[in-house]
Amino acid sequence: MPLKVYNTLTGQKEEFKPLHPPKVGMYVCGVTVYDYCHVGHARGALTFDIIRRYLKYKGYELTYVRNITDIDDKIIQRAAELGIPWDELAGKYAEEYYKDMQALGIAKADYEPFATKHIADIQKVVQQLIDNGYAYEVEGDVYFEVRKFTTYGKLSGRNPDDMRSGARIEVDQRKRDPLDFALWKSSKPGEPSWDSPWGNPQGGKGRPGWHIECSAMSTRYLGDSFDIHGGGKDLIFPHHENEIAQAEAASGKPFVKYWIHNGFVQVDQEKMSKSLGNFFTIKDILVEYPAEVVRFFLLKTHYRSPIDFSDKHLEEAKRGLERFYNTFHDVDLAFKGHVDKALSISELDTYREKFEAAMDDDFNTALAIGVLFDLARHTNRLLRDNDSSQSLFANVELIKELGGVLGLFEQEVIRVTFGANVSMSVNVKMLKPEELVALLVEDRNKARANKNWASADAIRKQLEELGIIIEDRPEGTIWRFKV
RNA sequence: GGCGGCAUAGCCAAGUGGCUAAGGCAGAGGUCUGCAAAACCUUUAUUCCCCGGUUCGAGUCCGGGUGCCGCCUCCA
């Protein structure tokens with residue numbers, strides 16, 4: 001089945017045909033490190049984590065680059081407010097960013113370049129643009145001349161003549177056109193700076209503009225033309241539009257084939273953002289919910305749709321996840337089942353095919369999760385009918401394998417055994433002293449044997465308050481953690 | 001003002017021309033059970049914001065309207 005992706009550049013879903021199969025190059029705009037990351041950043045990172053995982057599942061050889069912006073106005077401003085060096089601030093939040101990503105189960109990209117480590121590459125592109133006649137220098141600043149790039153606006157569907165530049169900010173009179181944007185900025189005394197050929201007769205000090213680093217670093221690692229470039233919807237204009245102008249004006253070649261943009265996380269129907277102040281940091285949320293719940297919550301909605309962030313929705317996601325874990329546990333418990341109506345291999349293949357069809361359709365994780373729910377229900381049904389535990393393990397394996405493509409069900413588990421014939425898998429991260437629980441369960445069962453229901457119920461209730469669920473089943477008592 | 005997106009059950013959310021509109025959560029009834037939980041079964045949208053149109057046939061395409069959101073300024 002062909003993979004289809006929605007391409008912002010054409011406004012359509014297109015069949016994914018890499019430039020040099022099976023190799024695929026993907027560049028994603030990461031974060032500017034001046035503060036903690038919030039759930040919106042998590043969604044962006046997660047979207048491309050899924051795309052990466054699925055491309056690999058499909059057998060592509062992916063090179064994934066995700067940058068970190070460690071020099072810009074916000075960093076300088078925030079550092080000044082705090083009275084600390086700008087690079088100390090950037091370093092600190094880069095560290096925090098790495099921690100957040102790791103906590104969310106989002107692996108590092110193959111390359112995670114920092115802007116300040118690529119000043120030479122950036123200057124090379126700026127010079128190239130000047131040489132090609134697309135950029136001009138004014139008092140140490142270098143601007144891109146938008147009117148020279150005739151296809152400007154093709155990504156965001158804008159016409160330069162329609163844009164009301166300067167409607168909300170003052171236009172720098174030194175620019176030839178209000179739309180022109182900075183490639184290189186001269187530095188004021190005390191600001192971070194690098195030597196440059198621009199400004200003063202013999203060259204001056206300055207720093208890169210915001211957009212140029214992505215053009216420079218993406219092509220540095222992936223070549224002048226590559227397959228996928230991604231980021232949040234808010235980057236379409238001006239950031240990505242400008243990247244295209246810079247890269248194509250410099251190289252003379254098409255820059256990116258597929259542009260992919262993820263939708264926003266909203267709070268009460270409004271975009272979650274730093275400027276509105278309505279954000280929740282990743283750290284805050286991970287105190288309340290396991291990372292897997294956050295991941296599941298985000299993947300229940302297609303990546304391009306807006307998603308409303310709320311406690312209620314997180315709780316819903318948690319319960320849904322619990323459903324899968326219950327199935328895993330129950331199949332474990334049915335270890336000694338017998339063989340009859342097993343799911344055939346071809347039936348399992350049908351689920352795999354449906355899952356792939358969903359993911360092939362522009363990474364439709366919401367639909368794909370629906371397929372996993374179907375398989376879980378099917379498995380529970382077979383379990384009820386006393387089917388083969390062997391074949392049901394195959395079901396669970398498939399759920400875990402496909403869930404793994406979404407980064408779900410990946411936690412390390414250990415097997416815990418009670419008495420002679422009851423055992424189960426426990427998420428090791430959530431592990432509490434299991435011997436103690438086993439002991440309490442034993443005590444409770446003694447109480448039950450004596451029909452001391454009050455005592456038995458009290459133990460169950462107390463354990464539940466600790467996050468441990470007791471269930472009395474025909475085959476014996478089991479316990480599990482709440483998700 | 002320009003450009004783009006969204007509107008599907010109590011809530012969340014798939015579906016973008018054709019069998020009875022996925023799935024999850026919540027609710028109701030049932031099976032099981034000391035009780036509870038889990039699981040399973042049944043049930044919850046004659047209908048997809050409104051009005052026109054195209055078509056044998058539209059939630060799905062086209063036109064108009066209403067509401068909401070985003071970008072045009074830093075933003076994932």
Span that lies between the [atom1] atom of [M] and that of [N], in whole angstrom:
N	M	atom1	value
B/C11	B/U33	C1'	31 Å
B/G17	B/A26	P	34 Å
B/A58	B/U16	C1'	10 Å
B/C32	B/C51	P	49 Å
B/U8	B/A13	P	9 Å

- [ ] Give, ordered by number, those residues of residues 39-51 of chain A having at least one heavy-atom distance below 4.0 Å to an atom of RNA chain B; if nothing qualifies, reply none.
- [x] A/Gly40, A/His41

All side chain to side chain donor-acceptor pair (under 3.5 Å) counterparts of [X], not counting sequence neighbours:
X	result
A/Arg176	A/Glu145
A/Tyr289	A/Asp311, A/Glu315
A/Asn380	A/Thr327

Open item on the list: Each nucleotide in nucleotides 9-15 of chain B should get exactly one letter: B, S or -. Can you fill that in based on protein heavy atoms under 4.0 Å?
Closed with: --BSSSS

Using OP1 and OP2 only, check whether a side-chain N or O of [X] sits under 4.0 Å from [N].
X	N	value
A/Asn326	B/A39	yes
A/Arg319	B/A26	yes
A/Arg448	B/C35	no

Task: Charged N-O contact under 4.0 Å between A/Asp72 and A/Arg207 - done: no

Open item on the list: So for A/Arg381 and B/C41, does any side-chain atom that can act as donor or acceptor lie under 3.5 Å from a complementary atom in the base?
Closed with: no

Task: Any donor-acceptor N/O pair under 3.5 Å between B/G34 base and A/Asp457 side chain - done: yes

Task: Stems involving RNA chain B, each a run of at least 3 consecutive Watson-Crick or G-U pairs under 3.5 Å - done: B:1-7 with B:66-72, B:10-12 with B:23-25, B:27-31 with B:39-43, B:49-53 with B:61-65

Residues in side chain to side chain contact (heavy atoms under 4.5 Å, CB included) with [X], at least two apart?
X	value
A/Asp49	A/Leu46, A/Arg52, A/Arg53, A/Ile106, A/Arg295
A/Arg377	A/Arg323, A/Asp374, A/Arg381
A/Leu82	A/Arg78, A/Ile84, A/Leu89

Open item on the list: Between the base of B/G34 and the ring of A/Trp453 - centre-to-centre under 5.5 Å, planes within under 30° - is that a stack?
Closed with: yes

Task: Spacing of A/Lys233 atom NZ and A/Arg304 atom CZ [to the nearest 0.5 Å] - done: 6.5 Å

Partners of [X] by salt bridge (Lys or Arg N to Asp or Glu O under 4.0 Å), sequence neighbours excluded?
X	result
A/Glu95	none
A/Lys4	none
A/Glu401	A/Arg352

TODO: Please work out if A/Arg158 contacts a base, only the sugar-phosphate, or nothing of the nucleic acid, heavy-atom cut-off 4.0 Å.
DONE: base

TODO: Side chain of A/Ile469 only, please: which of B/A37, B/G23, B/G70 is the nearest?
DONE: B/A37

TODO: Would you indicate which nucleotide in B/C74, B/A76, B/C72 comes nearest to any side-chain atom of A/Phe237?
DONE: B/C72

Task: Donor + acceptor pair across side chains of A/Glu356, A/Tyr351 (<3.5 Å) - done: no

